[in-house]
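Comments concern the structure below.
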Amino acid sequence: MRETPDRQLILGSLAAIARGAGRAPSRSEFLSLSGISEYQVSQFFPNWSDAVKAAGLRPHTLNIRLHDRELLEDWGHAVRKHCAIPARRAYHHLGRFDTRTLERRFGPWSSLPDVFRNFAQGKQEWADVLALLPARPEPRRAYPASPACPEERREERRVPFSPSSKNRPPNRQSPSTPPPGKVRYPPLGGRPTYGGPLDFRGLRHEPVNEQGVVLLFGMVARELGYTVEAVQSGFPDCEAKRQIALQRWQSVRIEFEFESRNFRDHGHSLTGCDVIVCWRHNWPGCPSHLEILELSSLIKSLPASTD
């Protein structure tokens with residue numbers, strides 16, 4: 001008969017899993033890897049943070065609301081130590097917080113240099129870190145002016161205005177006519193950005209982060225054959241059930257990611273998840289036992305409106 005876990009066994013197991021992961025495990029990771037039940041843990045610790053602290057570890061930051069300043073300062077310290085912008089894996093060793101905490105707060109990892117630049121601008125203590133960040137691209141005109149010689153300009157002034165196209169100068173567009181091809185305007189500071197136009201039911205734009213993926217999955221889960229049991233901030237994000245036969249359902253563990261390769265970059269356990277739900281699948285080396293639900297492809301087969 002298996003021995004009933006006591007306080008020391010729980011703390012020893014917690015410390016051992018943390019050594020392997022390089023950080024304190026989330027509650028769900030610990031329960032999955034240790035075989036100890038949540039009820040058994042609750043007999044000695046009123047909440048998960050108390051257990052983590054008793055083991056001498058730092059609590060999992062996804063469950064703690066942190067100030068933007070704390071997160072950005074820690075990212076800046078990581079840049080300073082690394083002498084460059086750290087990739088997620090590098091920040092995992094250099095920083096104090098989970099990379100998902102920063103991405104859920106500030107958007108994709110690639111946007112952090114601009115977010116930090118806005119935060120640190122004018123603060124002398126961050127001048128060395130700002131110098132390590134790539135320079136912002138020079139704003140470019142969306143409608144490049146075509147050089148015209150003085151003779152052409154004089155000739156254009158002699159053409160009277162008329163709504164008829166025959167009186168317009170050749171190769172000149174109306175101000176209301178969009179330019180040909182794709183145009184990218186320089187971003188305006190201090191304003192939110194959105195994904196591409198989607199107009200799928202109540203969602204006007206494509207997801208740009210993990211939260212958008214969670215929302216979209218919730219909108220279509222039933223049509224994809226899933227019922228959601230629980231959603232949490234720890235790993236894995238979601239417990240759901242799906243039908244496998246007539247009158248038979250089975251539980252599945254789901255992790256939400258904006259891009260499927262984020263699962264690898266976040267250092268998640270390959271044995272703690274069954275399905276990755278993402279907006280974009282871009283992980284060619286994804287282990288075969290992990291199922292991928294790429295929502296950007298799946299919703300094309302679903303009606304855009306429920307009306």
Side-chain angles (χ1 to χ4, degrees), residues 88 99-100 102-112 142 177-185 187 191-233 235-270 272-307:
R88 292 181 186 86
T99 55
R100 290 184 298 172
L102 279 80
E103 290 187 286
R104 284 171 171 163
R105 187 74 60 84
F106 305 117
W109 192 254
S110 58
S111 69
L112 276 167
T177 304
K182 294 182 178 179
V183 174
R184 292 186 178 180
Y185 295 88
R191 300 191 188 181
T193 58
Y194 305 88
L198 182 64
D199 282 327
F200 181 80
R201 302 178 184 179
L203 194 61
R204 294 293 305 277
H205 295 273
E206 296 176 352
V208 295
N209 51 36
E210 187 176 312
Q211 293 97 315
V213 173
V214 175
L215 172 63
L216 182 54
F217 178 74
M219 294 166 63
V220 300
R222 188 172 182 178
E223 292 165 272
L224 297 178
Y226 288 83
T227 61
V228 175
E229 294 291 325
V231 178
Q232 62 178 11
S233 58
F235 175 81
D237 293 321
C238 174
E239 179 188 348
K241 287 188 174 71
R242 60 186 180 184
Q243 191 168 15
I244 58 172
L246 185 63
Q247 301 299 319
R248 291 292 182 271
W249 291 69
Q250 192 174 52
S251 64
V252 288
R253 297 164 297 180
I254 296 174
E255 182 68 11
F256 298 112
E257 300 287 2
F258 175 61
E259 296 180 331
S260 57
R261 68 181 178 191
N262 294 153
F263 186 95
R264 175 200 64 193
D265 297 340
H266 293 157
H268 291 315
S269 168
L270 296 178
C273 174
D274 305 303
V275 181
I276 299 174
V277 175
C278 60
W279 174 247
R280 184 182 302 117
H281 179 29
N282 59 353
W283 187 8
C286 177
S288 58
H289 72 276
L290 286 175
E291 296 180 39
I292 302 292
L293 286 185
E294 184 185 46
L295 295 181
S296 60
S297 300
L298 288 171
I299 64 171
K300 292 177 182 177
S301 63
L302 301 176
S305 173
T306 54
D307 297 336

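Atom set for the values below is all heavy atoms of this structure, side chains included, hydrogens, waters and symmetry mates excluded.
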Please report the shortest heavy-atom distance between [X] and [Y], naming the atom on each side.
X: Leu198; Y: Glu206; answer: CB-N, 3.7 Å
X: Gly272; Y: Pro236; answer: O-CG, 3.6 Å
X: Val220; Y: Phe200; answer: CG1-CE2, 3.7 Å
X: His281; Y: Ser260; answer: ND1-OG, 2.8 Å
X: Leu293; Y: Val275; answer: CG-CG1, 4.0 Å
X: Glu294; Y: Trp279; answer: CG-O, 3.4 Å

*asked:* Can you confirm whether Pro187 sits close enough to Thr193 that some side-chain heavy atom of one is under 4.5 Å from a side-chain heavy atom of the other?
replied: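 The answer is no; the side chains never approach within 4.5 Å.
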* Can you check whether Leu203 reaches Leu216 side chain to side chain, under 4.5 Å on heavy atoms? -> yes
Let me confirm one number: the [atom1]-[atom2] distance from [X] to [Y], rounded to the nearest 0.5 Å.
X: Glu257; Y: Cys278; atom1: CD; atom2: SG; result: 8.5 Å
X: Cys273; Y: His289; atom1: SG; atom2: NE2; result: 8.0 Å
X: Lys241; Y: Trp249; atom1: NZ; atom2: CH2; result: 10.0 Å
X: Arg104; Y: Phe258; atom1: CZ; atom2: CZ; result: 14.0 Å
X: Arg264; Y: Glu259; atom1: CZ; atom2: CD; result: 10.0 Å
X: Ser111; Y: Glu103; atom1: OG; atom2: CD; result: 8.0 Å

- Query: Does a donor on one side chain and an acceptor on the other come within less than 3.5 Å for His266 and Glu255?
  - Reply: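 Judged by distance alone, the side chains do not pair up.
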* Do the side chain of Asp237 and the main chain of Phe256 share a donor and acceptor less than 3.5 angstrom apart? ->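 Confirmed, Asp237 side chain pairs with Phe256 backbone.
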Is it the case that the side chain of Gln211 and the backbone of Leu215 share a donor-acceptor pair, with hydrogens and angles ignored and the cut-off at 3.5 Å?
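No, Gln211 side chain to Leu215 backbone: no donor-acceptor pair under 3.5 Å.
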Can you check side chain to side chain contact (heavy atoms under 4.5 Å, CB included) on Leu112 and Thr99, steps first, answer last?
CA-CA 11 Å; Leu112 276 167; Thr99 55; over 6 Å; no
Assess the residue pair Phe217 and Val228 against the criterion (side chain to side chain contact (heavy atoms under 4.5 Å, CB included)); give the C-alpha distance rounded to whole Å, side-chain angles, the decisive distance to 0.1 Å, and a yes or no. CA-CA 10 Å; Phe217 178 74; Val228 175; 4.0 Å; yes
Sort and list the pairs that fulfil side-chain hydrogen bond (donor to acceptor under 3.5 Å, both in side chains) and have at least one residue in residues 217-227, not counting sequence neighbours.
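Matches after skipping sequence neighbours: Arg201-Glu223, Tyr226-Arg242.
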